Amino acid sequence: MKVTFKDVTLSYDGKKDTLKHLNFQIPDGTLVSLLGPSGGGKTTTLNLISGLLPATSGHIYFGDEDVTKKDALARKVGMVFQNYSLYPHLTVRDNIAFPLKMQKVKKAERYKRAEELAKLVHVDDQLDKKPGGLSGGQQQRVAIARALAKSPSLLLLDEPLSNLDARLRIEMRQEIRRIQQETGVTTIFVTHDQDEALHISDNIMVLAHGTIQQFSTPDVLYDRPANLFVAKFIGEPVINTLPAEALKADLVASVPASILAQAKTAGIRSEAIVPFDNGQGMVAKIHAGLKQARKYGRESTANLTYNGETLLSTEMAGLPADQQEGDFFLTKAGFFLFDDKGALIFGGDSHDE
Ligand SMILES: Nc1ncnc2c1ncn2[C@@H]1O[C@H](COP(=O)(O)OP(=O)(O)OP(=O)(O)O)[C@@H](O)[C@H]1O
Ligand SMILES: [Mg+2]
């Protein structure tokens, strides 16, 4: 089901707008993550999609139908929350079949459907257990199966993995992707974990301060962040930022003067600072001090000191350990300039249409 927001605003208190003029479209059959810092408006947006919360103004469409005034039941969404919220006294079979029981589907039929869904989410060997006898990951699988029982218009998941340990989170995010692809159900997934969002989504909506900072594929978010907020929010290690002023003298040859005049902040990804000109399009040569750091497993990092700024590079592993300074290069990929409002004004060209 395609979801469209047209100029949707939400105010909890009638004074302050928590969500401001949201406009977006989620294509049918895709998995979209809502990603952003705490308090950014992710859950509020999800609740507007589900119908649990009415929009203060604007319109919401499912397909071509205006559902703005319809409640959650009428919108037929399936939801999974952080807390599994399974019925503790019911077996897995009865938990999954529960929404169908509410719809008065006959027992034989709803059990058949429950068993199919249990197979889909890989808990078909747990059907007779109660939730208390399941692991956290298994409980979340059951919750997903239950949300799918009514063949929902959308599957909405609000931080479904945050109660799980790190290893299980990774396994379960892959499972959510698999289940979404096998069923084809349009899925909207809330997380504040960028790694999670980057790994499973077709598209990511970055939400902060109640507005959409950027809504695009994981690759575009990383390679062409629309603004300084997204550049800093997406990427590990965090992008280097420094006043553009500190770099200007080294950029005059490669950046138009009109852009340099507007540039307030430079963003340089750690892999964009390299020790050799590898012929892949360099934006600057810089002379900098070098301090290589210890290796943790395969990772090795270096701190460069340049015009009073410290820059982190992950590309210096091949240099002699005792080298203290040198000429280094900034690759065009991973180099950005932002204006005084934080908007991108240079870089990310490879994704231009
Ligand atoms: N029921 C409510 N009444 C009033 N204000 C609320 C209510 N729910 C959320 N807010 C406020 O709306 C803003 C957005 O909250 P929301 O829960 O959507 O954020 P979030 O992105 O889901 O954050 P988190 O990552 O912490 O879950 C916050 O400033 C929050 O304090
Ligand atoms: Mg939330």
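As the structure is a computational prediction, the values presented were derived from the model and not from experiment.
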Could you walk me through whether M282 and F276 pass the side-chain contact (heavy atoms from CB on, under 4.5 Å) check?
CA-CA 10 Å; M282 298 294 154; F276 308 106; over 6 Å; no

Hydrogens and angles aside, do N227 and Q214 bring a side-chain donor and acceptor to less than 3.5 Å of each other?
no

With sequence neighbours left out, which residue pairs that include part of residues 50-72 fulfil the salt bridge (Lys or Arg N to Asp or Glu O under 4.0 Å) condition?
E65-K70

Please determine whether the number of non-hydrogen atoms from other residues, nucleotides or ligands lying under 6.0 Å from atom CD of E245 exceeds 12.
no

pair P152-V77: side-chain heavy atoms closer than 4.5 Å:
no

Sidechain-backbone polar pair: T68 side chain, I60 backbone, donor-acceptor under 3.5 Å:
yes

Rounded to the nearest 0.5 Å, what separates atom CG in L311 from atom CD1 in I286?
5.5 Å

Look at the side chain of T186 and the backbone N and O of D28, then say whether any donor-acceptor pair between them is shorter than 3.5 Å.
no

Where the side chain of D17 meets the backbone of S11, is there a donor-acceptor pair that is under 3.5 Å apart?
no

Below 4.0 angstrom, N of the basic side chain to O of the carboxylate: do E182 and R178 qualify?
yes

Do V238 and F233 sit in the same hydrophobic cluster, where Ile, Leu, Val, Met, Phe, Trp and Tyr count as joined when their side-chain heavy atoms come under 4.5 Å apart?
no

Over all heavy atoms of both residues, which pair between A272 and G334 is shortest? Give the atoms and the distance, please.
CB-O, 3.8 Å

Verify same cluster id: L52, M1 (apolar side-chain graph, 4.5 Å):
yes

Report the distance from atom CG of L242 to atom CD1 of I268, rounding to the nearest 0.5 Å.
5.0 Å

Using a cut-off of 6.0 Å, state whether more than 12 heavy atoms not belonging to K129 lie near its atom NZ.
yes

Side chains of T191 and E196: donor-acceptor distance under 3.5 Å anywhere?
yes

The reported gap from OG in S216 to CG in L221 (rounded to nearest 0.5 angstrom) is 4.0 Å

Would D195 and R173 count as a salt bridge (charged side-chain N to carboxylate O under 4.0 Å, His left out) here? Give the steps.
CA-CA 10 Å; D195 204 45; R173 76 188 188 200; 3.4 Å; yes

Quick check: does any side chain N or O of Q139 sit under 3.5 Å from a backbone N or O of L134, one acting as donor and the other as acceptor?
yes

S313 side chain to E315 backbone, donor-acceptor under 3.5 Å
yes

Heavy-atom closest pair (L10 atom, P54 atom, distance to 0.1 Å) is CD2-O, 3.4 Å

What about V32 and I234, same hydrophobic cluster or not, with Ile/Leu/Val/Met/Phe/Trp/Tyr joined at side-chain heavy-atom distances under 4.5 Å?
no

Taking K42 for its side chain and G36 for its backbone only, find out whether a donor-acceptor pair lies under 3.5 Å.
yes

Is it true that K101 and D94 make a salt bridge, defined as a side-chain N closer than 4.0 Å to a carboxylate O?
no

Non-hydrogen atoms of A266 and L337 that approach each other most closely
CB-CD2, 3.7 Å

Residues two or more places apart in sequence or in another chain: which of them pass side chain to side chain donor-acceptor pair (under 3.5 Å) with R141?
E171, E175

Within a strict 4.5 Å, meaning less than it, do heavy atoms of the T331 and V283 side chains meet?
no

Would you call D349 and R224 a salt bridge, using N to O less than 4.0 angstrom?
no

One should read off an interatomic distance between L157 CG and E159 CD, to the nearest 0.5 angstrom, of 11.0 Å

Distance-only, no hydrogens or angles: does the D158 side chain make a donor-acceptor pair with backbone N or O of F81 under 3.5 Å?
no

Is the shortest heavy-atom distance from the side chain of Y61 to the side chain of V67 under 4.5 Å?
no

Check the pair E116, R113 against salt bridge (charged side-chain N to carboxylate O under 4.0 Å, His left out), reporting the backbone distance first and the verdict last.
CA-CA 5 Å; E116 284 166 13; R113 176 86 178 127; 3.6 Å; yes

Tell me, with the steps shown, if T187 and L154 meet side-chain contact (heavy atoms from CB on, under 4.5 Å).
CA-CA 6 Å; T187 299; L154 302 170; over 6 Å; no

Would you say that more than 12 heavy atoms from the other residues, nucleotides or ligands in this model lie under 6.0 Å from the NE2 of H287, or not?
yes

Taking Q323 for the side chain and E325 for the main chain, is one N or O donor matched with an acceptor at less than 3.5 Å?
yes

With distance as the sole criterion, is a donor-acceptor pair present between the side chains of N303 and T310 under 3.5 Å?
no

Ring-plane angle category for F338 and F336, please: parallel below 30°, perpendicular beyond 60°, tilted otherwise.
tilted

Side-chain heavy atoms under 4.5 angstrom apart, residues restricted to Ile, Leu, Val, Met, Phe, Trp, Tyr: same cluster for L148 and V105?
no

Looking only at heavy atoms, which two atoms of L164 and G137 are closest? And how far apart?
CD2-N, 3.7 Å

Between Q174 and R177, do the side chains contain an N or O donor and an N or O acceptor separated by less than 3.5 Å?
no

Would a 4.5 Å heavy-atom cut-off, applied to side chains only, mark S85 and M79 as touching?
no

Between Q213 and L207, is there a donor-acceptor pair closer than 3.5 Å when you use the side chain of the first and the backbone of the second?
no

Single-linkage hydrophobic cluster Y12~L46, side-chain heavy atoms < 4.5 angstrom
yes

Which residues pass the ring pair (Phe, Tyr, Trp, His ring centres under 6.0 Å) test with F24, sequence neighbours left out?
F5

Out of curiosity, I176 CD1 to H199 NE2, how far, rounded to the nearest 0.5 Å?
14.5 Å

Run the ring pair (Phe, Tyr, Trp, His ring centres under 6.0 Å) check on Y87 and F98 step by step: do they pass?
CA-CA 9 Å; Y87 305 111; F98 189 81; 4.5 Å; yes

Minimal non-hydrogen separation, P131 against N95, with atom names:
CG-ND2, 3.6 Å

Show your reasoning for whether side-chain contact (heavy atoms from CB on, under 4.5 Å) applies to V142 and V121.
CA-CA 7 Å; V142 174; V121 303; 6.0 Å; no

Ignoring hydrogens and geometry beyond distance, is a side-chain donor-acceptor pair present between T217 and N203 at under 3.5 Å?
no

What's the separation between atom CZ in F328 and atom OH in Y306, rounded to the nearest 0.5 Å?
12.5 Å

Any donor-acceptor N or O pair under 3.5 Å, side chains T44, N47
no

For residues S153 and F62, report the shortest heavy-atom separation together with the two atoms involved.
OG-CE2, 3.9 Å

Judged by modelled atom types alone, do T4 and Q25 share a side-chain donor-acceptor pair under 3.5 Å?
yes

Verdict with reasoning, D277 to K285, per salt bridge (charged side-chain N to carboxylate O under 4.0 Å, His left out):
CA-CA 9 Å; D277 182 348; K285 180 168 93 171; over 6 Å; no

Whether T91 side chain and K130 backbone form a donor-acceptor pair below 3.5 Å
no

Can you tell me if K232 has over 12 outside heavy atoms packed within less than 6.0 Å of its NZ?
no

Report yes if some heavy atom in the side chain of L117 is under 4.5 Å from a heavy atom in the side chain of V123; otherwise report no.
no

